[in-house]
Amino acid sequence: MAKKQNFMHGAMILVVAGLITRGLGTVYRIFLSRMIGAEAIGLYQMAFPSLILLITIVTAGLPIAVSKMVAESEALRDTKQTQRILRISLSIVTSISLAISILFYFLIPFISQYILTDERVSHTLVMIVPIIPIISISSVLRGYFQGKQNMIPSATSTIIETIFRMGVGITLSLSFLSMGVQYASAGAMLGMVAGELAGNFILLLHYFTQKREKNRPFTQRFLLNQHDQLYAKMFRIAIPVTASQLIGSLAYFIEPGVVSHSLAFAGISTKMATIQYGQLTGMALLVITFPTVITYSLSVSLIPAISEAAAQKNQTLVYKRLHQALKMAYLIGLPASILMFIMADPVSQLLFNSYQVGHFIKIISPFSIFLYIQRPLASTLQGLDYAKESMKNSIIGASAKTIAIIVFASRSSLGIDGVAMAINLGMALITVLHFRSIIQLIGYSIEIKPLVSISLAAILMGYASYYIFIHSLQQIDIIPRLLIAIFLGSIIYLYLLLLLKVIRKQDLERVPWIGSFLHHILP
């Protein structure tokens, strides 16, 4: 049987894999943005919400349900139930995904012309059709492995998926660019098809090569009442999660259209709106969301960890794991948001050759900490069977964000800046509501002292990095100067955390893979 990892070890595996894939993905997006331009990236970003919406509909929250149910059955050592859960969930997503793919194909002309208001995006939308069934199957397989708290299959598959997506996407985008920006955008989406195929193959390989567990005969494992119970429980978990994700996906899906119409009302042309939307969502948000690789990895590991603790009725362990996740998210998220704000201009100029992107980063980065701690909070609610609360909070936040886009972006004095402000509002509101729900439902209390200590260390780190970058090492090029400033600032931050006793040397030494290295460099 594949080795089970504990909560932090499993999270670290996903963090490392996530850093690799996000790093490669960021390089890919930067290279692609420079090669095919903001307009082509804008078309890609206009189509991408459709993919997110379709995946939300097709998977129907099943990956989270599978992860939670598998974790519970593993905690009770019921391996037969684990296999039932996987087979039932795969049969559900396969049938739904094929039906949705066919329906979406026939709706593409209507979506591109009337919802997204740019018919050129239809070429990219067509490339989404084969992705839907592939992602639906791989998402369930990832949920299965995550429920068993074996994060290696998810980690390896995402790395392989990213490598294939980059290679095929770059090759096809540059090959199709001479035919027009719409074909270059479609080539990037076709690269995603190749990547998802490769990632799915790796997951299946892990599944079929793992040591087979001993099960009862086939006829004893599939009784009708067992099916009914599993279906009922699976959908009881999945439906609220689906509704929550669906609201966010719908808001994301209609967002390009809402932005286009609002900016048109403000006197901005369709072409300029597409370019600005590409700069905001395809470039600025690419930088802003980079640290979410940490919080996403924590969230993926947190759902089965919380579910297992709840199944064992260990409330103390539930609090401990939630505290660990939030503390790490804040430890990473706050200094990241500060660094992005103070380094927005040089970073955007170096990465995208555009100061406008830096302008967007400055607007969003002060609020990005809400995004970084949002996922662990949502995962805790889902792991404790409070997915309905997460759904309600998502509905309120998504609705407020969409209304804010209409109100702010339609004002000529704000324009695209209004969209960035609306994104801030949505992030902050959902996170605050999640916090309120957790405090009300399980009585979790926030420890103020660590928050103050981390905040002080992060502010001093930001000041030190800014001072080093602006006033020191002026004789060297901007890229090494930027890297040196961030590196030295990070070292200062780490030592401040040790000095303020936010973390201990023993904690760092237990970090998988890098603990032995830290042992030699720490005082």
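It should be emphasised that the depicted structure is a prediction, and the values quoted were computed from it without experimental measurement.
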Check your understanding: Where the side chain of Ser157 meets the backbone of Ile202, is there a donor-acceptor pair that is under 3.5 Å apart?
Key -> no
Check your understanding: Minimum heavy-atom separation for Val140 to Ser89, with atom names?
Key -> CG1-OG, 3.2 Å
Practice item. Kindly determine whether Tyr386 and Thr380 satisfy side chain to side chain donor-acceptor pair (under 3.5 Å), including the steps that lead there. Key: CA-CA 8 Å; Tyr386 292 126; Thr380 299; over 6 Å; no
Point to revise | Value rounded to 0.5 Å, distance of CD1 in Ile92 from CZ in Arg87 | key: 14.5 Å
Point to revise | Exercise: identify the closest heavy-atom pair between Phe164 and Ala194 | key: CB-O, 4.1 Å
Review point. From Ile96 CD1 over to Leu54 CG, what is the distance, rounded to the nearest 0.5 angstrom?
Key: 12.5 Å
Practice item. Count the heavy atoms belonging to other residues, nucleotides or ligands that lie under 6.0 Å from CZ of Phe201, then report whether that count exceeds 12. Key: no
**Study point:** Note, Phe352 side chain near Val287 side chain (heavy atom, < 4.5 Å)
**Key:** yes
Review point. Taking the side chain as C-beta and beyond, is there a heavy-atom pair between Leu203 and Tyr144 under 4.5 Å?
Key: no
Study note, to complete from the structure: Note: His434 and Ala378 closest approach over all heavy atoms is NE2-CB, 3.8 Å
Review point. Hey, does the side chain of Tyr207 reach the backbone of Pro153 with a donor-acceptor pair shorter than 3.5 angstrom?
Key: no
**Study point:** Positive for side chain to side chain contact (heavy atoms under 4.5 Å, CB included) with Phe104, one of Val126, Leu51, Val58, Leu125
**Key:** Leu125
Review point. Got a sec, which residues hit salt bridge (charged side-chain N to carboxylate O under 4.0 Å, His left out) with Glu196, two or more places apart in sequence or on another chain?
Key: none
**Study point:** Trace of the side-chain contact (heavy atoms from CB on, under 4.5 Å) decision for Leu331 with Val502
**Key:** CA-CA 9 Å; Leu331 275 170; Val502 176; 4.1 Å; yes
Review point. Quick one: does His323's side chain get under 4.5 Å of Lys320's, heavy atoms only?
Key: no
Review point. Can you tell me if Ser173 uses its side chain to pair, donor with acceptor, with the backbone of Ile170 under 3.5 Å?
Key: no
Point to revise | Test item: Ser91 side-chain N/O and Ile88 main-chain N/O as donor-acceptor pair under 3.5 Å | key: yes
Check your understanding: Can you check whether Ile486 reaches Leu482 side chain to side chain, under 4.5 Å on heavy atoms?
Key -> yes
Exercise for review: Please answer whether the main-chain N or O of Leu451 pairs with a side-chain N or O of Ser455 as donor and acceptor at a distance below 3.5 Å.
Suggested key: yes
Review point. In Å, rounded to the nearest 0.5 Å, how long is the span from CG of Leu384 to CD1 of Ile438?
Key: 8.0 Å
Study note, to complete from the structure: Here the pair of heavy atoms bringing Gly397 nearest to Ile430 is CA-CG1, 3.5 Å
Review point. Do the side chains of Val432 and Phe370 get nearer than 4.5 Å, heavy atoms only?
Key: yes
Point to revise | Side chain Thr124, main chain Tyr44, donor-acceptor under 3.5 Å | key: no
Check your understanding: What pair of heavy atoms forms the shortest contact from Ile160 to Ala198, and how long is it?
Key -> CG2-CB, 3.9 Å
Practice item. Only counting residues at least two apart or in another chain, list the ones meeting side-chain hydrogen bond (donor to acceptor under 3.5 Å, both in side chains) with Tyr28. Key: none
Review point. Side chain to side chain contact (heavy atoms under 4.5 Å, CB included) with Leu339: which of Ser465, Ser365, Pro291?
Key: Ser465
Check your understanding: Which residues pass the side-chain hydrogen bond (donor to acceptor under 3.5 Å, both in side chains) test with Ser101, sequence neighbours left out?
Key -> none
Review point. Is the shortest heavy-atom distance from the side chain of Ile454 to the side chain of Leu500 under 4.5 Å?
Key: no
**Study point:** Distance, nearest 0.5 Å, that separates CD1 of Ile306 from OH of Tyr319
**Key:** 10.5 Å
Study note, to complete from the structure: Correct closest heavy-atom pair for Thr158 and Thr21 would be O-CG2, 3.4 Å
Check your understanding: So do the side chains of Asn200 and Ile135 get within less than 4.5 Å of each other, counting heavy atoms only?
Key -> no
Review point. When you measure from the side chain of Ser136 to the backbone N and O of Pro133, does any donor-acceptor pair fall under 3.5 Å?
Key: yes
Practice item. Could you walk me through whether Ile288 and Tyr372 pass side-chain contact (heavy atoms from CB on, under 4.5 Å), step by step? Key: CA-CA 10 Å; Ile288 293 292; Tyr372 305 146; 4.1 Å; yes
Exercise for review: Take Asn424 and Ile364 through the test side-chain contact (heavy atoms from CB on, under 4.5 Å) and record every step on the way to the result.
Suggested key: CA-CA 6 Å; Asn424 290 340; Ile364 300 176; 3.5 Å; yes
Check your understanding: So Ile423 and Leu285, side-chain contact (heavy atoms from CB on, under 4.5 Å) or not? Walk me through it.
Key -> CA-CA 10 Å; Ile423 291 173; Leu285 285 182; 4.1 Å; yes
Review point. Would you say the side chain of Leu174 lies within less than 4.5 Å of the side chain of Phe31, judging by non-hydrogen atoms?
Key: yes
Check your understanding: Which distance, rounded to the nearest 0.5 Å, do you find between the OG of Ser185 and the CG of Leu172?
Key -> 12.0 Å
Exercise for review: Would you give the length of the straight line joining atom CE of Met46 to atom CD1 of Ile41, rounded to the nearest 0.5 angstrom?
Suggested key: 13.5 Å
